[in-house]
S.K.: 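Okay, here's the structure, questions in a sec.
Given the structure is predicted, the values throughout are model-derived calculations rather than measurements.
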Amino acid sequence: MDWFILILVAFLIIARFLGFNKKDDSENYLINRPWVQCHEIPPRDALNIRVLKVITGNSLLAEIPKEFLAEKKVLTKEPFFKLRLNHIETPEYSQRGGRAAVLAFEGLLTGKEVKAAFQQSIIYTEESLATLYADDRNVNLELTVNGLAWINKKYNKNRAHWNLLQKAQIKGFGIWSLNRNIAPWKYRRYRLFQKQR
């Protein structure tokens with residue numbers, strides 16, 4: 001019996017040392033596969049933006065484009081604004097898949113020329129909606145087809161987006177490889193309900 005315990009302890013120490021017992025907090029496993037790319041030329045009115053920081057899987061801080069400043073289309077006092085991806089929602093950071101969405105979003109933008117096609121031509125507040133393009137690739141669509149984004153029926157009726165979402169779900173990409181996914185808007189409502197109790 002003592003030999004069995006000794007062998008078990010030795011195995012656990014070796015497994016820990018080799019990392020078998022290590023939990024993957026980065027969620028790399030959700031994006032660690034061949035990445036599906038969505039090549040698309042940005043529209044002519046898309047503006048070059050300088051990304052300052054990725055905040056969540058579908059929002060970032062960016063410098064206000066010079067074109068907006070020149071045309072006085074800015075109603076914010078800050079030299080930067082928050083930009084959110086149009087048509088999609090990624091899991092919240094504290095949700096399963098949230099860290100993977102942030103990692104993928106950062107990877108798509110790092111070291112690339114980024115253009116933004118804004119939903120509105122004026123930044124009314126400190127947050128705007130846009131479709132992002134990194135090196136002629138549609139970032140919004142890539143996050144969707146690779147299983148890192150949800151689409152809210154209430155705000156997005158675009159058939160192309162829904163087809164890509166279904167493709168990701170059928171193939172089990174990203175968050176669709178997990179059991180019991182909760183849409184981010186339901187997750188936020190649940191968290192708010194828990195705080196109020």
S.K.: Rounded to the nearest 0.5 Å, what separation is found between the NE2 atom of H161 and the CG atom of N86?
M.R.: 8.0 Å
S.K.: What closest approach, in Å, do N58 and I88 show between heavy atoms, and which atom pair accounts for it?
M.R.: ND2-O, 3.3 Å
S.K.: Mind checking salt bridge (Lys or Arg N to Asp or Glu O under 4.0 Å) for E113 and listing every partner two or more places apart, or none if nothing turns up?
M.R.: K115
S.K.: Going from CD1 on I55 to CZ on R84, what distance comes out if it is rounded to the nearest 0.5 angstrom?
M.R.: 11.0 Å
S.K.: If we count only N and O atoms by modelled type, under 3.5 Å, do the side chains of H87 and N140 hold a donor and an acceptor together?
M.R.: no
S.K.: How long is the gap from OH on Y133 to CG on D135, to the nearest 0.5 Å?
M.R.: 14.0 Å
S.K.: In Å and rounded to the nearest 0.5 Å, what is the CG to CD distance from N138 to Q37?
M.R.: 12.0 Å
S.K.: Please name the pair of heavy atoms, one in S94 and one in R191, separated by the smallest distance, quoted to 0.1 Å.
M.R.: OG-NH1, 2.8 Å
S.K.: With side-chain contact (heavy atoms from CB on, under 4.5 Å) as the test, pick out the partner of L164 among L141, N158, I151.
M.R.: L141
S.K.: For K171, does the NZ atom sit with more than 12 other heavy atoms under 6.0 Å from it, leaving out its own atoms?
M.R.: no
S.K.: Is there a donor-acceptor pair closer than 3.5 Å between any side-chain N or O of E27 and the backbone N or O of G97?
M.R.: yes
S.K.: Are the side chains of L108 and L132 in contact, using a 4.5 Å heavy-atom criterion?
M.R.: no
S.K.: Considering non-hydrogen atoms only, spot the tightest contact between G57 and V102 and give its length.
M.R.: N-CG2, 3.5 Å
S.K.: Looking at residues at least two apart in the chain, or sitting in another chain, which of them share a side chain to side chain contact (heavy atoms under 4.5 Å, CB included) with Y155?
M.R.: N152
S.K.: Mind checking salt bridge (Lys or Arg N to Asp or Glu O under 4.0 Å) for E63 and listing every partner two or more places apart, or none if nothing turns up?
M.R.: R50
S.K.: Nearest 0.5 Å, please: how far is CG in L83 from CG in L52?
M.R.: 11.0 Å
S.K.: What closest approach, in Å, do R33 and L30 show between heavy atoms, and which atom pair accounts for it?
M.R.: NE-O, 4.5 Å
S.K.: Once you measure the plane-to-plane angle for F118 and F81, does it fall in the parallel (<30°), tilted (30-60°) or perpendicular (>60°) bin?
M.R.: tilted
S.K.: Which atoms form the tightest heavy-atom contact between F173 and V145, and what is the distance?
M.R.: CD1-O, 3.3 Å
S.K.: Please find the pair of heavy atoms, one from L143 and one from F105, that lie closest to each other, and give the distance.
M.R.: CD1-CD1, 4.1 Å
S.K.: Among residues two or more places apart or on two chains, list those pairs meeting salt bridge (charged side-chain N to carboxylate O under 4.0 Å, His left out) that have a residue in residues 136-152.
M.R.: R137-E142
S.K.: For R96, enumerate each residue passing the salt bridge (Lys or Arg N to Asp or Glu O under 4.0 Å) test, keeping only those at least two apart in sequence or located in another chain.
M.R.: none
S.K.: Are W185 and Y190 grouped together when hydrophobic residues (ILVMFWY) are joined by side-chain heavy atoms under 4.5 angstrom apart?
M.R.: no
S.K.: Is there a side-chain contact between P91 and Y187, using heavy atoms and a 4.5 Å cut-off?
M.R.: no
S.K.: Sequence neighbours excluded and cut-off under 3.5 Å, please list the side-chain donor-acceptor pairs for residues 174-183, or say none.
M.R.:
residue, atom, partner, partner atom, Å
S177, OG, G174, O, 2.7
N181, ND2, I175, O, 2.6

S.K.: Is there a path of hydrophobic side-chain contacts, each under 4.5 Å between heavy atoms of I/L/V/M/F/W/Y residues, joining L103 to V54?
M.R.: yes
S.K.: Starting from V139, can I reach V36 by hopping between I/L/V/M/F/W/Y residues whose side chains sit under 4.5 Å apart?
M.R.: no
S.K.: Check whether any side-chain N or O of N146 sits under 3.5 Å from a backbone N or O of L148 as a donor-acceptor pair, and report yes or no.
M.R.: no
S.K.: Can you measure from CD (Q169) to OG1 (T144) and round to the nearest 0.5 angstrom?
M.R.: 10.5 Å
S.K.: Do I31 and Y93 sit in the same hydrophobic cluster, where Ile, Leu, Val, Met, Phe, Trp and Tyr count as joined when their side-chain heavy atoms come under 4.5 Å apart?
M.R.: yes
